[in-house]
Amino acid sequence: MHIDRNPHTPYNMSYYRPIQSSVALTDHYGGASGGILLVHGFHKQYDSYFKDYIEKNQPEGGGFFRMHSKAHSSLQKRLVPIDVP
């Protein structure tokens with residue numbers, strides 16, 4: 001799981017990407033066939049989610065942030081596969 005911006009400076013315009021997309025070249029049904037997993041509604045929770053996290057764990061610079069630690073297990077449980085015919 002990752003986000004394509006640094007949560008420490010999320011609105012730095014040199015890294016800000018207001019539009020994201022995914023292109024599936026083959027069918028994907030469920031999480032077993034690959035594809036993309038998303039957390040529905042996270043865009044509305046982004047600021048409040050990272051408010052406390054940033055104070056405890058300063059992320060490195062750059063525009064890509066991995067969310068694979070146990071600290072993000074609540075989000076990992078909310079991942080939903082997107083079916084793409």
Quiz item: side-chain hydrogen bond (donor to acceptor under 3.5 Å, both in side chains) with Q45: which residues, sequence neighbours excluded?
Solution: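 Checked Q45 against side-chain hydrogen bond (donor to acceptor under 3.5 Å, both in side chains); matches are R78.
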Quiz prompt | Residue list, side-chain hydrogen bond (donor to acceptor under 3.5 Å, both in side chains) with S74, at least two apart or on another chain | solution =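 S74 satisfies side-chain hydrogen bond (donor to acceptor under 3.5 Å, both in side chains) with no other residue.
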Practice problem: Would you give the length of the straight line joining atom CE of M67 to atom OG of S73, rounded to the nearest 0.5 angstrom? | Solution: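 Those atoms lie 10.5 Å apart.
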Check [X] against [Y] and note the closest heavy-atom contact, atom names and distance.
| X | Y | value |
| --- | --- | --- |
| L37 | P81 | CD2-CA, 3.3 Å |
| L75 | V39 | O-CG2, 3.6 Å |
| M1 | Q76 | CE-CG, 3.5 Å |
| D83 | Y29 | OD1-CA, 3.4 Å |

Cluster question for you: counting only ILVMFWY and a side-chain heavy-atom cut-off of under 4.5 Å, with indirect links fine, are [X] and [Y] together?
| X | Y | answer |
| --- | --- | --- |
| L79 | F50 | yes |
| V80 | V84 | no |
| L38 | Y46 | no |

